[in-house]
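Sequence lines set the chain letters: A, B, ... in the order given, protein chains first and strands last, and positions in each chain run from 1.
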Amino acid sequence: MDYRPQEIEQKWRKRWQEEGLYKVREDSGKPKYYCLDMFPYPSGSGLHVGHWRGYTISDVWSRYKRLQGYEVLHPMGWDAFGLPAENAAIKEGIHPAILTARNIANFKRQLQQIGAMYDWDREINTSDPEYYRWTQYIFVKMFERGLAYRKKMPINWCPSCKTGLANEEVVNGECERCGTPVTKKEMDQWMLRITAYADRLLEGLERLDWPEKVKRMQTAWIGRSEGARILFAVAGHPDAEIEVFTTRPDTLYGATYMVLAPEHPLVAKITTAEQRAEVDAYVEQTLRKSAIARQIVDKTKTGVFTGAYALHPLTGDRLPVWIADYVLMDYGTGAIMAVPAHDDRDYEFAVAFSLPIKPVVGPEAGREPDELPYTGDGVLIHSDRFDGLSVAEGKKAIVEALHQQGRGEAAVSYRMRDWVFARQRYWGEPIPIVYCDHCGTVAVPEDQLPVRLPDVERYEPTGTGESPLAAIESFVHTTCPKCGGPARRETDTMPQWAGSSWYFLRYPDPHNDQAPFSKEAANRWLPVDMYIGGVEHAVLHLLYARFFTKVLYDLGLIDFDEPFQRLFNQGMLTLGGAKMSKSKGNVVNPDDIIAEHGADALRVYELFVGPPDEDAEWSTNGMEGVSRFLHRFYRLVVTHADKPVPTRDSLERLRHRFIATLTERLESFRMNTAVSAFMEYLNELSTEAEHGLDRATLETLAVTIAPFAPHLGEELWERLGHTTSVFDASWPTYDERWLRDEEVEIAIQVNGRVRAHTRIAAEAPQDDAVAVARAHPDVQPWLEGKTVVKEIYVPGRLVNLVVKG
RNA sequence: GCCGGGGUGGCGGAAUCGGCAGACGCAGCGGACUUAAAAUCCGCUGGGGGCAUCCCCGUACGGGUUCAAGUCCCGUUCCCGGCACCA
């Protein structure tokens, strides 16, 4: 009679596994539904109750969809390459593969406790050669299309660890591992040409059912801006031209100087002899600073005059050319025309170095701006024949004028850069490239993949900024796949983002050894109908995955070009107001909760704790409240399970209303209020139960609770005499008829304040309702000596009598 | 600085088509059961006043629109998130 969750849960977990209940069937004939969790990195810390939230939400949703008649693909796997395993390997000398396998075993055990309907036959692991073989295959395809290329560029460099660092490993300008200030170092890097897809990545967002916040973040990250490229000749250097990008070609007449990024290739060429020493010193100083130090830590304007002058393309004026670190080499053209009157940064710089400031836009025709810098809209002034044009007209006219002289054209620039795709690290996918003196850079042919990660003695980078693989002679020395001559392997590996950029395509066909996936399987299951995970992946992972998908679409491997139709970001759980983390020591271990209340209670509490998309504070009291609710739920159903009574109207009305409310709350993803709906229904039924409960009520309880508390749902379903799984039943439907009342209680207001309540026929016409209201004894005193000037009737809600006098 | 989201009882939160604010849960108080406690069950529970069956106030703050505002508009303030010299 007593609810013993641990017993029930163990029983059903075992039975589900024996019966293969969650094996996805390709031939069921049901419509498909693909509900995906962002797969975890299997860290050594294990799961805490905060991690449970997203997994619970996605599992409830998956089970709900299954009950609605869908064939649901709800898989799980491991994003298993990554730095923590490698760092642990360096520290403890354990092979990352061993450590990763150990962590996966623990994670899998914990995930199985959730009672989720994962089809473990489809489990994938990005560090498995059978998987990364295909990650490498996709890289080769990108290389063949010119989307993967090598470029010498400055990367973050830690002088102490003697290694290149990924941007994510640089925290506040310092090395994450040792705290040394990070500098820059020129190195050859593999890059992916994601910028070629900028417009498509932008446009595709419009078709997605994603949180607006995430769409905004991606839009901002891509950072499309329209403007113009303009060419400036350099006095005394007929073979040198400075090309700038600007969004304000209308302010061209206000340009009073030029700025090149310190790394700009023209710097060395145009710097005059007397300025050279100063320029060289400044360039060197800039290179020592990391991008972070340069951009965030100190925004004070610094710079040096090169001694050279550029020529204004329309006026021929001589504009001094400076270098300054506020101009970034990797945005636009790495050079700007400075218009201090209409740009905050240029203004600050001009003031600091006493450069001329010339306003060319005023708030209205012929009027000077009241204050500088003036960045608002307006009308052109001091701009020769363009005076009087609006900013928008001026942009067009000046670009047109430049175009006719071959000195400029409209252009688009993006904030997003190409993707640095190489890491000088061990625990990642080897980049499948071979360098041959004879044939050059050659991709490893498909039939020779995977390029396996060899075992190494030491996981530390070599000290030259190369990956540990560079020290493995047997790995480096190979033969050219083209000419058979001696060749060297690329020793860099891919970043952790690589494997996760396409894993969702592997689940539909996880054991394919002929291709990353069959086109047919991918087209059947994708796009993902519901993708659930944390908002921390709003940009990088989700942008990379979209990019890979578009490339695979262009390769003809799939027929869709957006991977995730709907995205949901769950909020995190806090304890003491802070995000749960092992290092802060504020984690709640699910094992303890399960031992006390059971997995079902934890699942339901994860939902009840608050709106699923908002952060929520863990509360032990709240957890206990939910646990009590499940005990009452179980008791109510079990008490009546073997002696159901014939149905009656009161039960039918409650049941249909409950189904309507619950379904609506679930559909709108308000899981916390969905749980409330159960509590309300249970409270109502506890009164009704004195006269017995009917079979439909009891079965409705078992089926509807099943997505939330699956073990409990199964147990109750069995107690009601069923021999098949509750998940092979159907989500109940409701009849509108039961949602309507014959009679309703409405409020009677006088001047907007409630003075009485009354019951009237739901369909009562306005005249009747108003008459009843006016005649109500509690209302009379408020009408005395007054005139009713207006009568408002909202059927089913209220009557409002507006009185005067 | 720019962009976005949000301030509702002692607490987590309901109510977002403008229509009875505070569903549901927690905590608290009272009662039943018990030798007693725990568990369970029942009742009460925004603030103030009359302290009856009633009235006033109340959704961050100040205005406004409306018969009616947590909900719409304007301004202020605080908190959270994103971006941060992107030309």
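A close approach under 4.0 Å does occur between a side-chain nitrogen or oxygen of A:S225 and OP1 or OP2 of B:rA87. The phosphate of B:rG25 has OP1 or OP2 within less than 4.0 Å of a side-chain N or O from A:N683. OP1 or OP2 of B:rG81 has not a single side-chain nitrogen or oxygen of A:R216 nearer than 4.0 Å. Within the 4.0 Å cut-off from OP1 or OP2 of B:rC20, not a single side-chain nitrogen or oxygen of A:R753 is found. For B:rC67, neither phosphate oxygen OP1 nor OP2 lies less than 4.0 angstrom from any side-chain nitrogen or oxygen of A:R797. Phosphate proximity of B:rA14 to A:R665: absent, as no side-chain N or O sits under 4.0 Å from OP1 or OP2. Look at A:R415 and you'll find a side-chain N or O under 4.0 angstrom from OP1 or OP2 of B:rA84.
In terms of modelled atom types and a separation under 3.5 Å, the side chain of A:Y257 and the main chain of A:P340 share no donor-acceptor contact.
Atom C1' of B:rA87 sits at a distance of 24 Å from the matching atom of B:rG4, rounded to the whole Å. Going from the P atom of B:rG31 to that of B:rG81 covers 47 Å, rounded to whole Å. Spacing between B:rG43 and B:rG58 at atom P, rounded to whole Å, works out to 32 Å. Atom P of B:rA14 sits at a distance of 10 Å from the matching atom of B:rG7, rounded to the whole Å.
Note on A:Q749: a base of the nucleic acid sits closer than 4.0 angstrom, heavy atoms only. The residue A:R224 sits apart from the nucleic acid: no heavy atom pair falls under 4.0 Å. Contacts of A:H757 with the nucleic acid, taken as non-hydrogen atoms under 4.0 Å apart, include base atoms.
Salt-bridge formation is detected for the pair A:E791/A:R774: a Lys NZ or Arg NE/NH1/NH2 atom is positioned less than 4.0 Å from an Asp or Glu carboxylate oxygen.
How far CE of A:M671 is from CZ of A:R53: 10.5 Å, rounded to the nearest 0.5 Å. Going from atom OG1 of A:T700 over to atom OH of A:Y681 covers 6.0 Å, rounded to the nearest 0.5 Å. Of the inter-residue distances, the one linking A:I705 atom CD1 with A:D600 atom CG reads 8.5 Å to the nearest 0.5 angstrom.
Closest approach to the A:N672 side chain among B:rA14, B:rC24, B:rC20 is made by B:rA14 (side chain taken as heavy atoms from C-beta onward).
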Which nucleotides of RNA chain B pair, in dot-bracket form (Watson-Crick or G-U under 3.5 Å, | meaning another strand): (((((((..(((......[....))).(((((.......))))).((((....))))..(((((..]....))))))))))))....

